[in-house]
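Here is the structure we will look at.
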Amino acid sequence: MTDTEIEITAELVRDLLEEQHPDLAGLPIREVEGGWGNQMWRLGGELAVRVQRMDPTPELQLKERQWLPVLAPRLPLPVPTPVRLGEPSVRFPKHWTVMTWVPGEPLDHGSISRGAHAADALAGFLRALHVEAPAEAPISTDFGAHPRSCTDGFENLFRAVVPDAIAADVRAVWDDAVAAQAWEGPRVWVHGDLHPANVVVSDGTLSGIVDFGAMFAGDPAWDLAAAWVLLPDGTASRFFDTYALADEAAIRRARGLGAMKSLFLMLMGQNGDRGLPGGKPHWGPAGRAALDRVLKGV
């Protein structure tokens, strides 16, 4: 049996806790829906166990272990913070981490009804996150490039999911992002993967940000795309006014990246409709709604 074939069950999680953190092994354990690279299990009322599953290396989880304790104290929304470390063993040859649980419902299963509040909350969070990162901060190989370096990925998504009726409009947004000036400021901390499954909501607004495995130091436009991907119709302008750090070029890059991220959500929805591994049928409508917001602009 290969590593990826090991079934991760509540019994396995409890065994791992008994081996390495026995004082936590008596807490209730229940699986959290979703997760691909890592699988999440609730541990009692305030903790979660993040178990490496499909990620081929522990790099993303180790990155969270190193940097989330540094970032979390200055962020205005709750984020998961490592509290115990689980190391590979004979029982399970991969990494796992006990982290604080961020209460709320993932946005891909919830909704935002207080759009202005959510726009302010997201802008405040990103203002606090987007500060100059230290020299040793990670640089992404998958995220963070200028849109002009992402044309192959965009084209693949474009061909797969864009309806003919809006193809020219989507292309225009992307071409404008490709033509925008590159980021010339310092490398700042970037979450990198803000989509509806990586934020949680409660009381109709954003209440937490999760899954920092993609975080890197670089161009903040990768996070600013969330103005369209996450926020309700008509709130992008308020977001950028409150954020107040994005120039015209950053907004153009962010809008193009928002289009690409929306197409990715649509593809995942399409894959879910076809029953393909990792597909998520409910992401399709979310992606199309986000793309419609992108096309409306700020």
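Everything numeric here is computed off the predicted structure, so don't read it as measured data. Position 1 is the first residue of the sequence; numbering continues from there. Basis for what follows: all heavy atoms, side chains included, without hydrogens, waters or symmetry-related copies.
Between the side chain of Arg114 and the backbone N or O of Asp203, at least one donor-acceptor pair lies under 3.5 Å. Under a 3.5 Å cut-off, the side chain of Lys280 and the backbone N or O of Met268 do not form any donor-acceptor pair. With hydrogens and angles ignored, the 3.5 Å screen pairs no side-chain donor or acceptor of Arg293 with any backbone N or O of Val298. Here the side chain of Arg255 pairs a donor or acceptor atom with the backbone of Val294 at under 3.5 angstrom. The main-chain N or O of Val190 is never found under 3.5 Å from a side-chain atom of Asp223 such that the two would form a donor-acceptor pair. Distance alone, capped at 3.5 Å, places no donor-acceptor pair between the Arg65 side chain and the Thr81 backbone. The main-chain N or O of Glu87 is found under 3.5 Å from a side-chain atom of Gln20 such that the two form a donor-acceptor pair. Proximity of a side-chain donor or acceptor of Glu46 to a complementary backbone N or O of Thr100 within less than 3.5 Å is not detected.
Evaluation of the ring pair (Phe, Tyr, Trp, His ring centres under 6.0 Å) rule for Trp41 yields no partner, not counting sequence neighbours. Partners of Ala179 under the side chain to side chain contact (heavy atoms under 4.5 Å, CB included) rule, at least two apart in sequence or in another chain, are Arg252. Checked against side chain to side chain contact (heavy atoms under 4.5 Å, CB included), His21 has the following partners two or more places apart in sequence or in another chain: Leu17, Asp23, Leu24, Arg84, Trp96. For the side chain to side chain contact (heavy atoms under 4.5 Å, CB included) test, residues two or more places apart in sequence or in another chain that qualify with Ala119 are Leu231, Thr235, Arg238, Phe239. Among residues two or more places apart in sequence or in another chain, the side chain to side chain contact (heavy atoms under 4.5 Å, CB included) test is passed with Glu19 by Leu16, Ser89, Arg91. Under the rule for a ring pair (Phe, Tyr, Trp, His ring centres under 6.0 Å), the partners of His195 that lie at least two apart in sequence or sit in another chain are Trp283. For Phe154, the ring pair (Phe, Tyr, Trp, His ring centres under 6.0 Å) partners two or more places apart in sequence, or in a different chain, are Phe158, Trp174. Residues passing the salt bridge (Lys or Arg N to Asp or Glu O under 4.0 Å) test with Asp292, sequence neighbours excluded: Arg288. Arg30 is linked by a side-chain hydrogen bond (donor to acceptor under 3.5 Å, both in side chains) to nothing, counting only residues two or more places apart in sequence or in another chain.
Here the CG atom belonging to Asp211 is positioned 8.5 Å from the CE atom belonging to Met40, to the nearest 0.5 angstrom.
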What verdict does the salt bridge (charged side-chain N to carboxylate O under 4.0 Å, His left out) test give for Arg253 and Asp176, after you've listed the backbone C-alpha separation in whole Å, the side-chain angles of each residue and the deciding distance to 0.1 Å? CA-CA 8 Å; Arg253 294 193 308 277; Asp176 185 60; over 6 Å; no

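Pairs of residues two or more places apart, or lying in two chains, that qualify as ring pair (Phe, Tyr, Trp, His ring centres under 6.0 Å) and include a residue from residues 67-87 are Trp67-Trp189. Listed by first then second residue, pairs satisfying ring pair (Phe, Tyr, Trp, His ring centres under 6.0 Å) with a partner in residues 121-142 read His130-Tyr243, not counting sequence neighbours.
No side-chain donor-acceptor contact under 3.5 Å links Gln39 and Gln52.
Residue Val210 belongs to a hydrophobic cluster whose other members are Val102, Val200, with links defined by side-chain heavy atoms closer than 4.5 Å.
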